[in-house]
A.B. asks: 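Handing you this structure, nothing more for now.
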Amino acid sequence: MDLINIALPKGRLGEKVYQIFEEVGYECPSIREENRKLIFENPKLGVRYFWVKPSDVPIYVERGAADVGVAGKDILLEYLPDIYELCDLGIGKCRMCVAGKKDFYDTMGRTLRVATKFPRIAKDYYASLSRNIDIIKLNGSIEIAPILGLSDVIVDIVETGKTLLENDLEPKETIVAISARLIANKVSYKFKNQEITTLCGRVEQFCRLREEQSKNTAG
Amino acid sequence: MNPELTLKDDEWAIVRLRMLYRQYGYTYYKMSEFEEYDLYVRNKNFLNTDNILTFTGADGKLMALKPDVTLSIIKNTKDGQGALQKVYYSENVYRPSPTSRDYREIMQVGLECIGELDLWAMAEVVLLAARSLETISGQYLLDLSHLGFVAGLLDQAQVKAEERTELMALIGKKNVPALKQACERLGMEADMARDLCRLATMYAPPAQALEPLREMVRNRKMAWALSELESVCTLVGDVGSHLRLDFSVVNDMNYYNSLIFRGYLPGLPSGILAGGRYDNLLKKMGKSSGAIGFGVYLDLLERVEPKGDSYDADVLLLYGPDTSPAQVARAAGEHRRAGFSVRTERQIPPGLKFRWIKEVG
């Protein structure tokens, strides 16, 4: 049997994702061992996991090095990979927002300077509003940009809004809600159809049950 | 020497594909190298790309390196001829690679069948698509979809034109959670929304898929689409086991109107064959006939595992500064007459592999 290759995003989100896969029957105990290995196999269950940088997950999947993977909707919107988006895992929830200094108000009179890690999302959003903007692509610490006057606003991911608040910024608009998605390579989906649909079905059911449970406890 | 080992995978594939198309009576169509940019600009959505390599021709006209072959063939089609026009081509096209987003030269081999199409003409093209894949790998899959079926369902649900684009994109991604939300937002009836989601996730051989599809039929358009699909699946005969029905194969409905298909080989990251029936494109270009065709993109074949013989040459003949050229020529000639490939060198070239290394003199 061919193994299903699964690309996991390195970091906290990836660990949560692995936990879901483990709970629905795709465990791979060697992944929990403390070492520097990047690839982990459980041939009995037919899975091979590997850790990659979160923004690289769609690349591995699109080019078929991974059959399936988990990536944030933010990354999918930014890179628009040609893949199947099979399931919303309902974790890693946050929002793509426009944020700026508390006292900033867009008078629409000047070109808006927008600093962001996500130039395509920002461009598409402002194009839909027909707003003229100047994109400033940054790779990190986006919050500093409006404080130092590099930009008027930023387009970035907001989880709790704490970082913004501590830097005297606030979210102004929500562009889109973000969460982690299960994605699949289009060709793998065909040749490993049964394996991938089974995996996807189990993950989906798990996520749905958990969502219902959390609603019930909240209710 | 075995020609199969001499030719690269893509070259060998071209030879076999051309032989296949000739066997079915298709005639070769040779195209001009360049086209006027105007042709592509009017049909950008058909090409699925805004990026076309252009240059100024000698007479000052804006010209383009062909991003596509079909448009050129259609442009030169005469309308209203009784007989079908069956042509095949092998041409280089220039378009951005979907993964690296930069221009690439892609070898494309394909065929078009134009005229008053009947079911058999359509089935033959699907059959040839399957046989084309078969010449490259026995393990291929050919996905079929029918845009009329999806459009019929959307008609029934009274989905407006501008909302269709969004729904079709979600179906193309098999993104059921988002599709459900979109249907809810548009106020679509629950049973139609459910069927639309079932169409998006469906991936099954015709024998399994046709029954659930029959249950979804709600109007004449859907019934017509399903009967076309069914007939084609039956008419193609023994390649039927490689067919899968997949309605996530979508394409611009302004150009394509009925059957569309994609071909896949194991081990390649994306599809290698794409085609469909595109009567609407002909209509846009002021012609009344029907047309169906496909292209095979051969650039991906380098990714297939190389074939058996991995030697660069059978014999490496080494000669020194004192060896006479006549001696080298004689030794090499003897080996070649014995049927071996020979490379002559003064030193062993790094990185190459030879079956035998011999010294002359």
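What's counted below: heavy atoms across the whole structure, side chains too, no hydrogens, waters or symmetry copies. Given the structure is predicted, the values throughout are model-derived calculations rather than measurements. To find a chain, count down the sequence lines: A is the first, B the second, and so on, and within it residues start at 1.
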A.B. asks: Would you give me the side-chain donor-acceptor pairs under 3.5 Å for residues 12-21 of chain A, sequence neighbours excluded?
C.D. replies:
residue : atom : partner : partner atom : Å
A:Y18   : OH   : A:E22   : OE2          : 3.2
A:Y18   : OH   : A:C28   : N            : 2.8
A:Y18   : OH   : A:C28   : O            : 3.2

A.B. asks: Indicate the atoms forming the closest heavy-atom contact of B:S248 with A:Y84, along with that distance.
C.D. replies: OG-OH, 3.2 Å

A.B. asks: Would you indicate whether A:K53, at its atom NZ, is surrounded by more than 12 heavy atoms from other residues, nucleotides or ligands within a distance under 6.0 Å?
C.D. replies: no

A.B. asks: Is B:V176 close to A:E85 at the side-chain level, that is, under 4.5 Å between some pair of heavy atoms?
C.D. replies: no

A.B. asks: Over all heavy atoms of both residues, which pair between B:Y264 and A:V187 is shortest? Give the atoms and the distance, please.
C.D. replies: CD2-CG2, 3.5 Å

A.B. asks: Would you say that more than 12 heavy atoms from the other residues, nucleotides or ligands in this model lie under 6.0 Å from the CD of A:Q194, or not?
C.D. replies: no

A.B. asks: Please confirm whether the backbone N or O of B:P269 pairs with a side-chain atom of A:N185, one donor and one acceptor, at under 3.5 Å?
C.D. replies: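 Confirmed, A:N185 side chain pairs with B:P269 backbone.
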
A.B. asks: If you round to the nearest 0.5 Å, how far is NZ of A:K190 from CG of B:L142?
C.D. replies: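 Output value for this atom pair is 10.5 Å.
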
A.B. asks: To the nearest 0.5 angstrom, please state how far the OH atom of A:Y189 sits from the CG atom of B:L141.
C.D. replies: 13.0 Å

A.B. asks: Taking all non-hydrogen atoms of both residues into account, name the closest pair between B:P177 and A:C87 and its distance.
C.D. replies: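 In terms of heavy atoms, the two residues are closest at CG-CA, 4.2 Å.
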
A.B. asks: Out of A:D88, A:N193, A:L80, return the one with the most heavy atom pairs under 4.5 angstrom to chain B.
C.D. replies: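 Option with the top pair count is A:N193.
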
A.B. asks: Check A:F191 against B:Q139 and note the closest heavy-atom contact, atom names and distance.
C.D. replies: CE2-O, 3.0 Å

A.B. asks: Enter the distance from B:K173:NZ to A:K186:NZ here, rounded to the nearest 0.5 Å.
C.D. replies: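 It comes to 5.5 Å.
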
A.B. asks: Atom CZ of residue position B:F149 - does it have more than 12 heavy atoms of other residues, nucleotides or ligands inside 6.0 Å?
C.D. replies: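 Result for CZ/B:F149: enclosed.
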
